[in-house]
Amino acid sequence: MKILIATDMEGVTGVTTWEQVTPGHAEYARFRKQMTEDVNAAIRGASDAGADEVIVADGHWNGSNILIEDLDPRARLNTGSPSPFSMMQGIDESIDGVIFVGYHARNGSPNAILDHTWSSRTVANVWLNDILTGEYGLNAAVAGHFGVPVIMVSGDQTACAQVTEVLGDVETAIVKQASSRFAAECLSPQVTQEMICLCAERAVVRLAQGDIPEPFVLDVPIAVTVEFFSSDMADRATRIPFTKREGTRVSITMQEMASAYNGFRAMVMLASG
Ligand SMILES: [Zn+2]
């Protein structure tokens with residue numbers, strides 16, 4: 001059994017502010033350690049349930065947040081950027097299941113810590129075909145491209161609800177109850193690590209029993225539509241051939257999800273200037 005743990009930082013235990021997830025701020029050092037511990041809890045749970053290979057993708061910011069010296073030695077770490085599959089680096093047909101750790105809700109969500117979609121300064125909304133989604137949907141669709149299901153998510157209550165809405169009944173570890181974009185009632189790391197560990201264990205057991213929702217596979221062709229915050233961003237994104245524009249919305253249509261993911265990332269990189 002081979003598991004990919006795809007991580008982000010906004011949904012990590014105790015995080016409520018941008019400073020806590022932004023390199024260069026004093027608080028960041030505390031929370032990259034906390035991120036590492038949330039990930040370790042998932043590695044422990046997955047391994048206890050029989051996973052013999054665990055790969056971790058560091059998916060926040062520049063992909064250099066997890067402290068490798070503190071990482072459970074049973075896992076290997078994909079770190080640094082840009083990598084071919086970004087937040088999903090390590091995904092391929094050999095992976096049996098994906099665990100999301102530290103995930104956050106899509107931009108515009110109420111009661112959601114640091115809600116955004118890929119870039120908080122650039123992207124207002126993203127649709128995959130007609131499905132309004134966040135990073136969780138993009139990343140789950142990349143897993144689906146390889147026939148791999150997402151089996152668990154950790155984050156605040158809104159992130160977990162958005163993931164189960166699109167993917168079905170996956171395991172959820174709610175580490176905090178958000179009451180605004182920057183406020184939440186947070187559980188202690190002692191409690192959340194136990195929760196994440198048990199949740200990962202249950203998810204891998206269910207995966208082995210065939211009791212987990214199907215991989216997230218989109219109808220082809222796949223249209224990725226990005227609504228940008230301003231028209232100059234859309235101006236730059238439309239320099240990519242074969243894009244279509246309507247107002248601040250730019251879409252690109254591809255025959256399969258790996259290319260659609262590349263198209264999405266290229267649009268956002270250009271738009272961000
Ligand atoms: Zn992030």
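For ligands, and for the atoms within them, numbers begin at 1 and follow the listed sequence. Computed from a prediction, not measured in an experiment: that's the story for all the values here. Below, all heavy atoms of this structure are taken into account, side chains as well, without hydrogens, waters or symmetry copies.
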Worksheet item: Is it true that the side chains of Thr17 and Glu27 contain a donor and an acceptor less than 3.5 Å apart?
Response: no
Worksheet item: Is there a donor-acceptor contact under 3.5 Å linking the side chains of Asp38 and Thr13?
Response: yes
Worksheet, complete the sentence: In Asp8, the N/O/S atom nearest the Zn ion (ligand 1) carries the name OD1
Discussion item. Tell me whether the Zn ion (ligand 1) has Glu10 as a neighbour, meaning an N, O or S atom of it below 2.8 Å.
Written reply: yes
Worksheet item: From Phe31 CZ over to Asn65 CG, what is the distance, rounded to the nearest 0.5 angstrom?
Response: 13.5 Å
Item to complete: Answer yes or no for His60: is there an N/O/S atom below the 2.8 Å cut-off from the Zn ion (ligand 1)?
Response: yes
Worksheet item: Is any side-chain N of the basic residue among Arg44 and Asp72 closer than 4.0 Å to the acidic one's carboxylate O?
Response: no
